[in-house]
Number of protein chains: 2
Amino acid sequence: MTDPAAPLSPDPSNPMLLLENQLCFPLYAASRMLTKAYQPLLQELGLTYPQYLVLLLLWEHKELTVKEIGEHLLLDSGTLTPLLKRMEQRKWLSRRRAAHDERSVIIELLPDGEALHGPACRVPEQMLTRLGMPNEDFLALRSQLNNLLIRLQ
Amino acid sequence: MTDPAAPLSPDPSNPMLLLENQLCFPLYAASRMLTKAYQPLLQELGLTYPQYLVLLLLWEHKELTVKEIGEHLLLDSGTLTPLLKRMEQRKWLSRRRAAHDERSVIIELLPDGEALHGPACRVPEQMLTRLGMPNEDFLALRSQLNNLLIRLQ
DNA sequence: TATGTTTTAATCGTGCGCAATTAATATGTA
DNA sequence: TACATATTAATTGCGCACGATTAAAACATA
């Protein structure tokens with residue numbers, strides 16, 4: 001059909017350009033679908049998914065700077081500042097400048113945020129049930145995603 | 001330390017609530033980081049990542065309804081309508097009502113959109129190189145993500 | 001044919017995500 | 001101490017995502 005000596009030109013049917021042959025699309029779609037699956041559980045707590053992630057950190061650490069939260073979640077202040085302000089309005093956390101370094105803002109868990117810990121404890125197992133995924137598949141996928149994440153840093 | 005007969009209460013150190021023990025976070029973070037890795041390549045073409053996905057479909061199908069695009073990408077009209085209008089302004093595609101069913105809107109690839117196909121052909125391989133991931137890892141991860149996606153539908 | 005239901009996009013409002021810029025503070029160094 | 005540099009958040013602007021609602025068209029069926 002095509003002249004094998006023809007100069008290399010973009011293959012109009014380049015199979016690598018097919019949606020189903022790419023890694024990016026299932027990653028993009030699965031991430032959104034998983035967040036959507038969290039929705040009904042988090043909605044009962046009045047939380048969005050990124051807010052839930054911030055609380056996961058604060059339940060573990062009680063106090064963190066914005067910078068530290070950003071390092072854990074791979075988010076910058078452009079995303080975090082307004083998000084944290086919304087959580088401050090709900091009295092889940094407080095924001096204050098660090099005394100020893102006025103550049104840093106310390107985010108501290110407040111009682112109303114602590115109070116969400118109890119009901120949130122059930123979320124992970126509920127999600128596991130919802131997924132109905134064999135545990136070894138779960139562990140394998142998680143470890144491969146963490147590998148990918150390292151490659152992308 | 002704790003009374004073993006105490007009533008079950010939310011474990012303050014529930015390990016399932018740790019960020020690193022969850023599936024959701026690496027999925028969420030890897031998806032964002034991968035999109036960010038596409039950025040410099042797509043920016044040369046003036047494309048955002050979701051716009052690139054729409055073009056992938058149109059390069060394959062030439063014409064699709066908004067509904068069909070939404071089914072492929074798992075996006076609704078609230079996301080697609082403004083996105084497609086921006087792509088229409090750039091003359092990459094056209095939008096028109098279907099004659100046989102005025103409810104449907106047909107999205108057709110235009111020459112300027114077709115013209116992006118050539119340069120875009122290199123994007124997938126450049127990303128593969130960027131990832132530096134063994135091919136079998138790539139295939140395994142993709143297939144597991146597709147499995148997860150099916151479970152989440 | 002009339003009418004209730006379903007389908008399809010568009011619209012609206014809210015909350016991310018992120019690049020780029022700005023402003024304040026801290027640090028390093030001559 | 002002065003001054004250049006680096007660090008940390010905040011701000012701005014734009015483009016998704018998505019739930020909820022609306023409006024128009026098509027369909028089903030009594």
Side-chain angles (χ1 to χ4, degrees), chain A residues 24-25 27-40 42-43 46-54 64-71 73-90 92-107 152, chain B residues 24-25 27-40 42-44 46-54 64-71 73-90 92-93 95-107 152:
Chain A
C24 61
F25 176 68
L27 188 57
Y28 160 78
S31 173
R32 288 187 298 112
M33 293 302 108
L34 188 55
T35 299
K36 208 180 287 194
Y38 271 90
Q39 241 302 99
L42 295 180
Q43 190 166 25
L47 285 169
T48 66
Y49 180 69
Q51 290 169 3
Y52 170 70
L53 293 180
V54 169
L64 288 169
T65 65
V66 171
K67 176 183 159 66
E68 288 166 333
I69 293 176
E71 284 168 353
L73 301 184
L74 306 178
L75 292 170
D76 69 8
S77 69
T79 300
L80 287 175
T81 297
L83 187 156
L84 293 169
K85 282 183 175 176
R86 282 187 287 271
M87 297 181 75
E88 183 187 32
Q89 285 180 358
R90 301 271 219 130
W92 291 330
L93 50 79
S94 65
R95 300 162 65 246
R96 68 172 192 277
R97 291 279 164 181
H100 65 285
D101 185 343
E102 289 278 332
R103 290 171 305 181
S104 295
V105 168
I106 297 176
I107 304 299
L152 288 170
Chain B
C24 62
F25 176 68
L27 187 57
Y28 160 79
S31 173
R32 288 186 298 111
M33 293 303 108
L34 188 56
T35 299
K36 207 181 286 191
Y38 270 90
Q39 241 302 99
L42 295 180
Q43 191 166 25
E44 292 182 31
L47 286 169
T48 66
Y49 179 69
Q51 290 169 2
Y52 170 69
L53 293 181
V54 168
L64 287 170
T65 64
V66 172
K67 175 184 158 68
E68 288 167 332
I69 293 176
E71 284 169 353
L73 302 185
L74 305 178
L75 292 170
D76 70 8
S77 69
T79 300
L80 287 175
T81 298
L83 187 156
L84 293 169
K85 281 182 176 176
R86 282 187 287 271
M87 297 181 76
E88 183 186 32
Q89 284 179 0
R90 302 271 219 129
W92 290 331
L93 50 79
R95 300 161 66 244
R96 66 173 193 279
R97 291 279 165 180
H100 65 286
D101 184 344
E102 290 279 331
R103 291 171 305 181
S104 296
V105 168
I106 297 176
I107 304 299
L152 287 170

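Naming: A, B, ... by sequence-line order, numbering from 1 per chain.
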When the distance from CD of Q39(B) to P of dA19(C) is rounded to whole Å, what number comes out? 7 Å

Identify whether any heavy atom of D76(B) sits under 4.0 Å from a base atom; if not, whether one sits that close to sugar-phosphate; answer base, sugar-phosphate or nothing. base

Comparing V66(A) and M33(A) on DNA chain D - which has the more 5′ nearest nucleotide: V66(A)

First locate atom CG of L84(A), then atom CD1 of I69(A), and finally report the distance between them rounded to the nearest 0.5 Å. 5.0 Å

Does Y28(B) put a side-chain nitrogen or oxygen below 4.0 Å from OP1 or OP2 of dC16(C)? no

Find the distance between OG1 (T81(B)) and NZ (K85(B)) and round it off to the nearest 0.5 Å. 6.5 Å

Which nucleotide in the list dG17(C), dA9(C), dA26(C) gets nearest to the side chain of E102(A)? dA26(C)

Name the closest nucleotide to the V105(B) side chain, picking from dC18(C), dT27(C), dA10(C). dA10(C)

Protein-nucleotide distance (Y52(A), atom OH; dC16(C), atom C1'), rounded to Å: 18 Å

Tell me: CG of L42(B) to P of dA19(C), nearest whole Å? 13 Å

Quick one: which of dT6(C), dG15(C), dT11(C) gets closest to the side chain of T81(B)? dT11(C)

By nearest nucleotide on DNA chain C, pick out whichever of R32(B) and P82(B) is the more 5' one. P82(B)

Whole angstroms only, please: what is the CG-P distance between L47(B) and dA19(C)? 17 Å

Rounded to the nearest 0.5 Å, what's the gap from CZ on R103(B) to CZ on R97(B)? Could you check? 10.5 Å

Heavy atoms only, 4.0 Å cut-off, all strands: where does T35(A) land among base, sugar-phosphate and nothing? nothing

Contact class for T48(B) (heavy atom, under 4.0 Å): base, sugar-phosphate, or nothing? sugar-phosphate

In this structure, CG of L34(A) is separated from CZ of R32(A) (nearest 0.5 Å) by 12.0 Å

Within this structure, what is the CD1-CG distance for the pair I106(A) and L93(A), rounded to the nearest 0.5 Å? 13.0 Å

What's the CG-P distance between L84(A) and dG17(C), to the nearest Å? 13 Å

Please figure out whether T79(A) or T79(B) has its closest DNA chain D nucleotide nearer the 5' end. T79(A)

Just the rounded figure in Å: distance from P of dT7(C) to CG of D101(B). 12 Å

How close or far is atom C1' of dT7(C) from atom CD of E68(B), stated in whole angstroms? 14 Å

Value in whole Å for how far the P atom of dT8(C) lies from CD1 of I69(B): 14 Å

Select one nucleotide: of dA9(C), dA19(C), dG15(C), the one nearest the side-chain heavy atoms of R86(A). dG15(C)

Give me the ring orientation class for Y49(B) and Y28(A): parallel if the planes are under 30° apart, tilted from 30 to 60°, perpendicular past 60°. perpendicular

Contact class for L80(B) vs. all strands (heavy atom < 4.0 Å): base, sugar-phosphate, or nothing? nothing

Short side-chain N/O contact from K85(B) to OP1 or OP2 of dT11(C), under 4.0 Å: yes

Start and end of chain B contact along DNA chain D [non-hydrogen atoms, under 4.0 Å]: dG15(D) to dA26(D)

Test item: R90(A) side-chain N/O and L47(A) main-chain N/O as donor-acceptor pair under 3.5 Å: no

Could you walk me through whether I107(B) and R96(B) pass the side-chain contact (heavy atoms from CB on, under 4.5 Å) test, one step at a time? CA-CA 7 Å; I107(B) 304 299; R96(B) 66 173 193 279; over 6 Å; no

